[in-house]
Structures are given as structure tokens and as C-alpha cells.
> 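Here you go, one structure.
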2 protein chains.
Amino acid sequence: MKKRQTVTLKHIAEALNLSVSTVSRSLKNHKDISQETINLVKAKAKELNYFPNIFAQGFRNKRTHMIGVVVPNITHYYTSTLLEGILDEAEKKGYHVIIMGSKDSYKKQIELLDTMIHLGVDGILLSLTRDTQNINQIIKYIEQVPLILFDKVSRKVPCTQVIIDEEQAGFNAVKHLIEIGKKRIAIFKETEDSFNSMRRYEGYLRALKTYNLPVDESIILSSKNIPMEQGRILAETLLQNPNRPDAVFCITDSCAVGAMQTFKKHHLKVPQDIAIVGFSNSLISQVVEPQITTINQPGIKVGQTAINYLIDEIDHPNVNFMDYKTVAIKTNLIVRNSTVLIP
Amino acid sequence: MKKRQTVTLKHIAEALNLSVSTVSRSLKNHKDISQETINLVKAKAKELNYFPNIFAQGFRNKRTHMIGVVVPNITHYYTSTLLEGILDEAEKKGYHVIIMGSKDSYKKQIELLDTMIHLGVDGILLSLTRDTQNINQIIKYIEQVPLILFDKVSRKVPCTQVIIDEEQAGFNAVKHLIEIGKKRIAIFKETEDSFNSMRRYEGYLRALKTYNLPVDESIILSSKNIPMEQGRILAETLLQNPNRPDAVFCITDSCAVGAMQTFKKHHLKVPQDIAIVGFSNSLISQVVEPQITTINQPGIKVGQTAINYLIDEIDHPNVNFMDYKTVAIKTNLIVRNSTVLIP
DNA sequence: TCTTTTTCCGCAAACGTTTGCGGGTTGAAT
DNA sequence: ATTCAACCCGCAAACGTTTGCGGAAAAAGA
């Protein structure tokens with residue numbers, strides 16, 4: 001390993017018999033410098049393959065052009081689409097991204113945020129862990145650095161938030177079930193500490209209300225989190241119900257797959273006997289038989305939107321504390337064979 | 001947004017009536033400093049919540065404690081497990097990670113590597129794009145900064161490489177098919193420019209040879225890349241074969257799922273009529289019916305191993321150019337219903 | 001011709017940390 | 001009492017970039 005090349009302003013200055021300051025100013029088109037000199041400097045800079053030393057810059061100014069991203073779990077498919085949007089957009093705008101995973105631990109989340117601050121990031125994109133109760137801790141960070149919430153958010157935190165329109169998505173899912181003639185629609189959801197699940201549930205309720213269907217607590221099933229196994233368990237529970245529903249809206253695709261497996265095991269026909277709608281349009285929703293009708297979440301767009309709002313906030317630090325907004329990205333329903341028979 | 005707190009060595013020095021240099025040395029246990037002073041300084045540092053300015057440090061020394069990771073595609077599930085291993089291990093070792101995606105473009109890959117160098121990363125973890133022909137470009141980077149290849153690698157690049165033992169995995173997959181009594185085993189693979197696929201294919205050949213089965217070119221099917229759709233197409237092709245195979249080893253899980261869909265469409269029984277082995281142990285291999293026997297790749301371990309070798313190389317820059325090695329992480333076969341009937 | 005303005009550029013300080021060097025103090029050895 | 005280590009610690013320079021300030025040269029006005 002050789003020492004890496006390191007051409008500095010000084011080299012350009014010496015080659016051109018100019019001062020370092022003139023070179024520095026030329027490269028950023030300072031008005032004090034003649035166009036002639038500017039051209040000269042830029043040419044020489046390109047010739048020598050000059051690149052500013054990020055650390056000297058970040059040290060002198062306070063800008064580092066780095067953005068920190070903290071998410072609960074990196075290996076989740078939807079998360080990776082969010083990250084893709086973030087990374088692409090960041091690169092376009094000349095920012096670099098540092099990603100860290102909090103493993104859904106509040107304590108770890110705080111540690112990571114501290115690290116980010118100390119690393120000197122210009123701003124932070126945060127997706128909250130499920131057990132984020134102590135909002136005050138988070139608020140302290142907002143006072144130190146531009147921070148916006150995305151995906152897993154909380155209304156209680158006063159900052160800009162970018163999410164998908166969970167409520168509308170839930171509404172559309174149930175509306176679809178109603179439109180295909182289902183009358184008794186169950187829901188498998190998470191317990192109250194999940195913001196996303198709560199909002200989807202609100203959509204469910206609004207749809208029932210809009211179409212004058214009764215709300216029956218006995219077919220509203222919750223559990224702490226919803227992996228596939230939980231879908232099976234809730235499905236078993238549901239089948240105990242003397243008045244079996246003719247459809248179920250599952251808050252996640254995994255849960256929907258688990259539920260479907262159980263229904264099939266009990267020789268129920270999907271969608272004739274019981275229709276299923278999932279959430280996420282994950283890969284598995286497309287490979288099971290029948291394929292699952294689901295909500296498509298444009299993760300890339302959420303990521304892009306989030307980082308653009310963040311960069312905007314970084315560039316305009318004057319914005320008022322109370323001047324934040326919630327941005328809801330629209331979803332779309334993808335209809336497949338778990339709700340309607342397509343030849 | 002308030003200005004962020006910025007406790008420097010100077011503050012500690014003034015509070016203790018010491019010089020900045022003494023404080024600096026105390027914090028790194030320099031032998032010139034008395035234990036008494038060291039304790040004093042460390043206590044005050046903690047009290048003031050001092051944290052070294054990364055940029056001043058990275059500027060002064062040449063170490064940045066940042067590691068660059070370049071992968072073809074972030075949204076791939078296996079990639080995300082690799083990243084998880086990398087991120088966790090990096091954090092433990094006090095490094096930060098910058099991730100960038102090359103979108104499987106060679107040109108973009110080069111751009112990203114340049115960016116990483118200019119960013120001043122201490123080392124680079126690289127998973128090659130498929131179309132990486134010009135190895136010389138890559139070698140230039142090796143001369144500038146510690147770099148190791150992982151997952152998607154090339155033997156031609158002289159540096160440490162961390163991969164799974166693809167050949168052994170391929171061998172084990174086919175060996176399993178032979179052991180359950182299959183005699184005529186097809187393979188769906190990628191074309192020659194995929195290192196990983198080539199190695200798995202070699203394992204396939206070795207297994208046939210070991211068990212004295214003939215190699216039949218007519219049931220060795222390749223295509224440029226292998227998504228699910230391609231699995232269906234290759235399966236259709238295979239069914240044209242007058243002498244139908246009784247098993248197929250698919251180089252990816254997606255491909256296996258596609259193939260299975262086609263076989264079922266043609267009313268073939270899996271595994272009785274034709275058995276299937278996939279590769280990756282991805283989520284979809286577990287949700288289709290029947291579930292797919294597949295190779296489990298410990299992505300987290302690969303990631304951990306890769307970054308540990310890299311950090312080692314960073315810490316010992318004296319190592320010789322030719323002193324690199326290839327590390328192959330063992331895989332394991334997960335047997336499911338696509339090869340044997342489990343009640 | 002002399003002053004005033006404009007244009008263009010260099011000087012030097014500053015950011016926070018690290019480190020070679022040199023100097024002061026202490027205690028022990030001569 | 002003098003010398004000599006050993007032990008602590010401070011001075012100052014350096015890393016590459018940015019920027020306020022001041023000044024020389026050229027252009028304009030009188």
C-alpha cells in the first residue's frame with residue numbers, strides 16, 4: 001500500500017504562482033477573483049486531479065456533508081427499499097450516508113444517535129424503535145441537529161415526518177374487500193404501541209363506518225408483533241369464532257401468509273370462503289398460492305422524500321421549531337388471487 | 001436548532017490548569033504523564049462529556065475510522081444480512097461504515113470507489129459488479145488503501161477475499177439429491193461471467209463424478225441471470241427433454257420457485273416426480289408449497305469475517321502485497337419437502 | 001496631475017488535535 | 001554539594017481549508 005495521493009490547494013497555488021487563498025476562492029467562484037484566474041485555477045485543479053480534503057473542510061466549516069440514518073432493522077425488505085431511496089438521492093445531492101441499526105432497542109438507539117452527533121453528521125434520518133417511550137430524549141437531539149422521522153414515527157415528536165398514508169391504505173384494503181361482496185371482515189393487527197398498525201386500523205374502522213358495516217370486537221385480533229407464525233395462531237383463534245368472517249385484513253404480508261396456510265389446512269377456500277389482504281407487497285406475497293392481494297408501499301419514494309426534506313432543513317437552518325409537517329406518501333392496492341379469482 | 005455542544009481539549013485544559021498537550025496525552029495514556037494527572041483529566045473529560053472532534057483527528061492523523069462498503073445491490077435479502085454482519089462488527093471495533101450501491105454498473109462502481117478514497121476511508125469492502133472485466137482498475141485501488149473482496153469476488157484480483165464455500169455447497173446439494181435416490185440431475189445456472197454460479201457448478205460436477213453419474217449437457221441449462229421468471233422458462237425447456245430428469249439443482253431460490261410453479265402446472269409431483277434444491281434459504285423458500293430444500297448461507301458471518309480481515313489489514317499496513325488469502329465460510333443444507341416428504 | 005473608486009489578490013489567523021523537543025523539578029547517586 | 005537520571009509537563013508547529021482585512025494596481029473621475 002502506497003501513501004495515497006494528496007494534492008492540496010498549496011500545490012495548485014505553487015504551480016500557478018498564486019496564493020492559497022486565491023486558489024480557494026477561485027474554486028468557489030468568489031466575486032473578488034477575475035474570471036481569467038478562475039479559469040486558470042480550475043484547469044490546473046482538474047489537471048492535478050485535485051479533490052478537497054473532506055476532513056479539513058469539515059473541520060474548518062461545520063458542514064460534513066454526511067447524513068446519519070438510524071433504523072430498527074436493516075434486513076427487513078421494506079427497510080432496504082427505503083435505504084435505496086435514501087442512498088440514491090443523497091448521492092445525487094452530494095451527501096454521504098452513514099447507516100446504523102438499532103436492533104429495535106431503545107437504549108441502543110440513543111447510543112447511535114449520540115454517535116451520530118459526535119461524528120458530526122449534518123442531519124439525521126430516524127426510524128423509531130417500537131419501544132420508544134421517552135420522547136424527551138429524542139427531542140434533545142432535535143435541538144442539536146436537523147432530524148426528521150420516517151417510516152416508524154411518533155406524532156408526539158415535534159419534527160417533520162415522512163410516512164406512507166397508512167390510514168388511507170387500510171381504508172382502501174377494506175374497501176376492496178367490501179366491494180367484492182364481503183360482509184364480515186376481520187383484522188389481524190399489532191398492539192397499540194405500533195404507530196403504523198394503529199393507523200391502518202383506523203383506516204379499517206373508517207371503511208366499516210363508511211359502508212355501514214358493524215364493528216365486531218370479537219374479530220379484531222391483536223398481538224405484540226406479527227410474524228408468520230403469529231398469523232397462523234390468530235387464524236386458529238379466528239376459526240373458533242362461531243360466526244366465521246368471510247375476509248381478513250392482515251397488517252403484514254407475513255401474517256397474511258401464515259393465516260392463509262392455516263385456512264388451507266382447515267380446507268377453507270381462498271378467496272371464496274375467506275378472502276385475505278396483506279400489506280407491503282413483499283416478495284412472499286407473490287410466490288404463495290394463491291398470490292396475495294396487498295398494499296404496495298413505495299419505499300424508495302419515502303426514502304427520497306425523507307432525505308430531501310432533511311437536506312432542505314440543513315440548507316435553511318432558520319426554520320422555526322414549530323414549522324414542521326407530516327408528509328404522507330400514497331400507496332396503491334395490488335389485487336391478486338387471494339381476493340378475486342383471476343384466470 | 002442551537003449550535004451543538006463542542007467541548008474541546010482546551011476546555012479541559014483550562015478547567016484543570018493544564019496544557020492542551022498534557023490533556024491530549026493523558027487521554028491516550030501516554031507514559032510521560034503521571035497516573036494522577038491521567039485520572040484527573042479523564043474524570044474531567046467525562047464530567048464535561050468530552051468527545052474528540054473526529055474531523056480534527058482525521059485531519060491530523062490520517063485515520064478516519066471509517067470503512068467504505070460498495071455492493072451491487074442493497075435491496076437483495078442476502079446482501080442485507082451481509083451488511084448486518086458488517087455493521088455490527090464495525091461498531092464493536094469502533095469503526096463507522098459508509099455504504100454505497102453500484103447498481104451493478106461497472107462505471108458506477110469505479111465512481112464510488114473514487115468517492116470512498118476521497119472521503120478518506122481507512123479501508124474498503126467491495127462486492128464486485130457482474131460486469132467487472134477490467135481488473136487493473138481495481139488493482140489501482142488496492143495500492144492506495146486496504147481493500148478486500150467479499151461475496152461477489154474474482155480470483156484475478158490479488159487481495160484477501162471472503163466468500164461462502166460455493167463449491168462445497170453445490171456438492172452437498174447434489175450429493176443430497178443422489179442420496180435420496182435421484183439418478184438424473186439437472187442444473188439451472190448462470191452463464192460464465194458469474195463467479196458464484198461457476199463455483200456451484202463445479203460442485204455439481206464433482207458430485208456427479210464422485211458418485212459415478214454421467215454428465216449430460218442437455219440438462220445443464222444456463223441463462224444470463226436467474227430471476228423467478230427465468231426459472232419458469234428453463235423448466236419449460238427442461239420438460240421438452242425426451243428423457244426427463246428426476247431432480248434439478250437451482251442456483252437460486254427464486255429460480256427454484258419459478259421452476260416448481262411450472263412443474264406443478266404440468267401436474268408433476270414434487271418431490272416424487274422431480275425434486276428441487278434451491279440456494280440461499282431466502283424467505284420465499286419457506287413459504288411456497290412444498291417448502292424448498294436449500295443451502296443456507298450465513299451472510300452475517302461472511303460480513304463479520306470480511307470486516308475483521310479488513311480491520312486487521314488496516315492495523316498492520318506492513319503486510320506484503322502477496323500475503324492475501326481466500327476465506328471460505330461453510331454453508332449448510334436445509335432439507336425440506338421439495339426433496340423429501342416430511343409428514 | 002492628483003485623488004477616488006474599483007478590481008484583484010495576498011497575509012495571517014483560526015478550527016481541534018497530535019507530537020517532537022526542550023525545560024523544569026524531583027530524588028538518588030557520586 | 002554537585003551531577004545525573006528519571007519523571008512530568010508545556011511550547012509550538014503542523015495538518016488543509018476558509019475568510020476578514022488590508023493593500024497594490026488599474027481604471028475612472030476631478
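Treat the numbers as computed from the prediction; the structure is a model and nothing was measured. Within every chain, numbering begins at 1; the chains are lettered A, B, ... in the order of the sequence lines, protein sequences first and strands thereafter.
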> Please check the phosphate of C:dT18 (OP1 and OP2 only) for any side-chain N or O of B:Lys28 closer than 4.0 Å.
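Yes, B:Lys28 has a side-chain N/O under 4.0 Å of OP1/OP2 on C:dT18.
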> Decide if atom OH of B:Tyr95 counts as having more than 12 heavy atoms of other residues, nucleotides or ligands within a radius under 6.0 Å.
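Yes, because the 6.0 Å sphere around OH of B:Tyr95 holds more than 12 heavy atoms from other groups.
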> Would the number of heavy atoms belonging to other residues, nucleotides or ligands and lying under 6.0 Å from NZ of A:Lys301 be above 12?
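Atom NZ in A:Lys301 is not crowded, with 12 or fewer foreign heavy atoms closer than 6.0 Å.
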> Is a side-chain donor or acceptor of B:Thr79 paired with a backbone partner of B:Asn73 at a separation under 3.5 angstrom?
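Yes, B:Thr79 side chain to B:Asn73 backbone: donor-acceptor pair under 3.5 Å.
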> In whole angstrom, what separates A:Lys10's NZ from C:dA12's P?
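Spelled out: NZ on A:Lys10 to P on C:dA12 is 15 Å.
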> Is A:Phe59 stacked on the base of C:dC15, with ring centres under 5.5 Å apart and planes under 30° apart?
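Check passed, A:Phe59 stacks on base of C:dC15.
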> Just how far, in rounded Å, is C1' of D:dT19 from CD1 of A:Ile33?
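Spelled out: CD1 on A:Ile33 to C1' on D:dT19 is 12 Å.
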> Report yes if a side-chain nitrogen or oxygen of A:Thr37 is closer than 4.0 Å to either non-bridging phosphate oxygen (OP1 or OP2) of C:dC8; otherwise report no.
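So the side chain of A:Thr37 is outside the cut-off, no N or O lying under 4.0 Å from OP1 or OP2 of C:dC8.
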> So B:Ser24, base contact, sugar-phosphate only, or nothing? Heavy-atom distance under 4.0 Å.
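Base, at least one base heavy atom under 4.0 Å.
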> Using whole Å, report how far NE2 of A:His30 lies from C1' of D:dC21.
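Interatomic distance, NE2 of A:His30 to C1' of D:dC21: 12 Å.
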> Please determine, for the side chain of B:Arg25, which listed nucleotide (D:dT18, C:dT19, D:dC9) has the closest atom?
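Shortest atom-to-atom distance from the side chain points to C:dT19.
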> What nucleic acid atoms does A:Ser21 come within less than 4.0 Å of, heavy atoms only: base, sugar-phosphate, or nothing?
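Since a base atom lies under 4.0 Å of A:Ser21, the category is base.
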> Between D:dC9 and B:Asp32, counting only base atoms on the nucleotide and side-chain atoms on the residue, is there a donor-acceptor pair under 3.5 Å?
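Per atom types, the contact qualifies.
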> Is any side-chain nitrogen or oxygen of A:Thr22 closer than 4.0 Å to OP1 or OP2 of C:dC9?
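No, A:Thr22 has no side-chain N/O under 4.0 Å of OP1/OP2 on C:dC9.
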> For residues A:Leu128 and A:Gln109, report the shortest heavy-atom separation together with the two atoms involved.
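Closest approach of A:Leu128 to A:Gln109, heavy atoms only: CA-OE1, 3.5 Å.
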> To the nearest angstrom, how far is A:Asn29 atom CG from D:dT18 atom C1'?
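So the CG-C1' distance, A:Asn29 to D:dT18, works out to 15 Å.
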> Between D:dG16 and B:Arg60, counting only base atoms on the nucleotide and side-chain atoms on the residue, is there a donor-acceptor pair under 3.5 Å?
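Side chain to base: no pair present.
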> State which of C:dC9, C:dT17, D:dT17 makes the closest approach to the side chain of B:Leu9.
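Shortest atom-to-atom distance from the side chain points to C:dT17.
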> Once you round it to whole Å, what is the distance between P of D:dC15 and CZ of B:Arg63?
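Taking CZ of B:Arg63 and P of D:dC15, I get 20 Å after rounding.
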> Taking CG from B:Leu27 and C1' from C:dT19, how many angstroms apart are they, rounded to a whole number?
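Whole-Å distance recorded here is 15 Å.
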> For the side chain of A:Gln57, counting heavy atoms from C-beta on, which of D:dT18, C:dT19, C:dC8 is nearest?
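From the listed options, D:dT18 comes nearest.
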> Under 30°, 30 to 60°, or over 60°: which ring-plane class applies to A:Phe51 and B:His118, parallel, tilted or perpendicular?
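A:Phe51 and B:His118: parallel rings.
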